[in-house]
Amino acid sequence: MEGKAPFAYVANNRSHDVSVIDTATNTVVATVPVDGAPIRIAVTPDGKRAYIAIRTQNTGTVSVLDAANNTVVDTETVTDFFIAGVAITPDGKQAYVANSGNANAVSVLDTATNKVVANIPQRESIDLAFTPDGKHAYVTDFDGVSVIDTTGQKVQTTIPISKADSSTVGRGIAITPDGKQAYLTNGGTNKVSVINTATNTVSTTVVVGVDPVGVAVTPDGKRAYVANHGSNDVSVIDTATNAPMATVGVGPAPVAVATAADGKHVYVTNSDSGTVSVIDTATNTVAATVSVGGKPLAIGIIPPAPVT
């Protein structure tokens, strides 16, 4: 599809740059320096830009990478303290940024201007994902999940989640293409909570590896891939039964997961080795390992087209 080049963007926290991987060849074709330590990254639906959440010494910023020439074209200060997740609305018009500044809010950027146009009061937030229709954002925090009504830009409800202790962090969230289930990693409990989005309640929990962090659902909605930071592997969950169906060994300290738009491969950042493991979803084996920058913490790939 025009404008949708097969690239994956890896945020390297220690080396302060973004590696651009050509997913057709699984090679790094560019390295883009950024000002600060990148922590999360999200690609717009048209593949033209990547939004990078960056921590500097005193602020949290979002830098915008132009995919046409792999350069940073804009940087916006979002918070005075701790920045975390970033996600793009399905229509590509806004970027939601999870942060924990003095105001404790989810900041909303207009992608036409890259300016903050709203701040939604919120508990300290970590990561977030949108339902396919874009009407709700599910935001993780230290106590569970908040559900934001994106039309009114306010918290609609909260979902409590059991956790290991008060310092549990790093949880990720992903929503199935049909919008019916959300998968939340519970760092420290070795479990994934499955949320029924119709009732906004936890329908079941799935035991995975040690200290799960990132999670992604395949475009066909049949599997969820969970990066287990403490056991150096990825758990594969059958979303029809919500039972583990495979475990794939990857590199040391995996953090983030992203699926290719065609569903044939899953990309996992290994934060302690500066590599990305490429999993073949047909066999659930590692097909390639790509060297990137220092401490890769996030990866973004052009999302698949919404289910209609």
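One-based numbering along the sequence shown.
Counting only distance, with no hydrogens or angles, the side chain of T111 and the backbone of K93 share a donor-acceptor pair below 3.5 Å. In this structure a side-chain-to-backbone donor-acceptor pair under 3.5 Å is missing from D22 to F7. Judged by distance alone, the side chain of N99 and the main-chain N or O of V97 form a donor-acceptor pair under 3.5 Å. In this structure, N270 contributes its side chain and A253 its backbone to no donor-acceptor pair below 3.5 Å. For the pair S63 (side chain) and I52 (backbone), a donor-acceptor distance under 3.5 Å is absent. The main-chain N or O of G221 is found under 3.5 Å from a side-chain atom of T239 such that the two form a donor-acceptor pair. Here the side chain of T185 pairs a donor or acceptor atom with the backbone of G172 at under 3.5 angstrom. Without hydrogens or angle criteria, T197 side chain to N200 main chain gives no donor-acceptor distance under 3.5 Å.
Residues Q122 and N104 fail the side-chain proximity criterion, which asks for heavy atoms closer than 4.5 Å. P132 is listed as a side-chain neighbour of I175, based on a closest heavy-atom distance under 4.5 Å. Counting only heavy atoms from C-beta outward, the side chains of D262 and P219 never approach each other to under 4.5 Å. Side-chain contact between V236 and V248 is present, with at least one heavy-atom pair separated by less than 4.5 Å. Between V10 and V276 there is a side-chain heavy-atom pair separated by less than 4.5 Å. When side chains are defined from C-beta on, Y51 does not count as touching I41, because their heavy atoms never get closer than 4.5 Å. Contact check for S273 versus P252: side-chain heavy atoms found under the 4.5 Å cut-off. Annotation: side chain of V192 is not in contact with side chain of V215 (no heavy-atom distance under 4.5 Å).
We find the CG-OG1 distance between N13 and T269 to be 10.5 Å, quoted to the nearest 0.5 Å. L65 CG to D74 CG: the interatomic distance, rounded to the nearest 0.5 Å, is 12.0 Å. A distance of 11.5 Å separates CG in D149 from OG1 in T157, rounded to the nearest 0.5 Å. Here I148 contributes atom CD1 and Q153 contributes atom CD; the two are 8.5 Å apart, rounded to the nearest 0.5 Å. Note that CZ of R40 and CZ of R55 are 7.5 Å apart. Values are rounded to the nearest 0.5 Å. Atom CG of D211 is separated from atom OG of S231 by 8.5 Å, given to the nearest 0.5 angstrom.
Follow the hydrophobic side-chain contacts under 4.5 Å out from V147 and you never reach V155; the two are in separate clusters. V210 and L184 sit in two unconnected hydrophobic clusters of ILVMFWY residues. Membership requires side-chain heavy atoms under 4.5 Å apart, directly or through other members. One hydrophobic cluster, built from ILVMFWY side chains closer than 4.5 Å, cannot hold both I126 and V106; they sit in different ones. One hydrophobic cluster holds both I39 and V116 under the rule that ILVMFWY side chains link at heavy-atom gaps under 4.5 Å. V266 and I237 are members of different hydrophobic clusters when ILVMFWY side chains are connected at heavy-atom separations under 4.5 Å.
Checked options V234, N228, V226, D233; the residue passing with T247 is D233 (criterion: side chain to side chain contact (heavy atoms under 4.5 Å, CB included)).
Here Y96 pairs with F130 under the ring-ring contact (aromatic ring centres under 6.0 Å, His included) rule; sequence neighbours left out. Residues satisfying the side chain to side chain donor-acceptor pair (under 3.5 Å) test with D17, not counting sequence neighbours, are N12, S15. For D220, the side chain to side chain donor-acceptor pair (under 3.5 Å) criterion is met by T218, not counting sequence neighbours.
Heavy atoms only, all atoms of each residue included: P38 and L297 are closest at O-CD1, 4.5 Å. Scanning all heavy atoms of the two residues, the minimum distance from P296 to G274 falls at CD-CA, 3.6 Å. Listed here is the closest heavy atom pair of S277 and V250: OG-CB, 3.6 Å. A pairwise comparison of heavy atoms in S125 and A105 identifies OG-O, 4.3 Å as the closest pair. Between A87 and A42, the shortest heavy-atom contact is CA-CB, 4.1 Å. P212 approaches K191 most closely through the heavy-atom pair CG-O, 3.7 Å.
In this structure, a donor-acceptor pair under 3.5 Å is present between the side chains of S193 and N186. Under the 3.5 Å distance criterion, with hydrogens and angles disregarded, a donor-acceptor pair is assigned to the side chains of N119 and S107. A donor-acceptor contact under 3.5 angstrom links the side chains of Y225 and N284, judged on distance only. Between the side chains of T89 and Q94, no donor N or O sits under 3.5 Å from an acceptor N or O.
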(request) List the steps and the verdict of side-chain contact (heavy atoms from CB on, under 4.5 Å) for I120 and V108. (result) CA-CA 8 Å; I120 304 168; V108 182; 3.9 Å; yes

(request) List the steps and the verdict of side-chain contact (heavy atoms from CB on, under 4.5 Å) for R14 and S271. (result) CA-CA 9 Å; R14 182 176 294 122; S271 62; over 6 Å; no

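Applying the salt bridge (charged side-chain N to carboxylate O under 4.0 Å, His left out) definition to pairs two or more places apart or across chains, those involving residues 106-128 are E76-K115, R123-D141.
Under a cut-off of 6.0 angstrom, the local environment of CG in D35 is sparse, with at most 12 non-hydrogen atoms contributed by other residues, nucleotides or ligands.
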Could you tabulate the donor-acceptor pairs under 3.5 Å formed by side-chain atoms of residues 201-209, not counting sequence neighbours?
{"residue": "T201", "atom": "OG1", "partner": "T199", "partner atom": "OG1", "Å": "2.7"}
{"residue": "S203", "atom": "OG", "partner": "V194", "partner atom": "O", "Å": "3.2"}

What side-chain donor-acceptor pairs closer than 3.5 Å can you find for residues 25-34, not counting sequence neighbours?
{"residue": "T25", "atom": "OG1", "partner": "T27", "partner atom": "OG1", "Å": "2.7"}
{"residue": "N26", "atom": "OD1", "partner": "Y267", "partner atom": "OH", "Å": "3.0"}

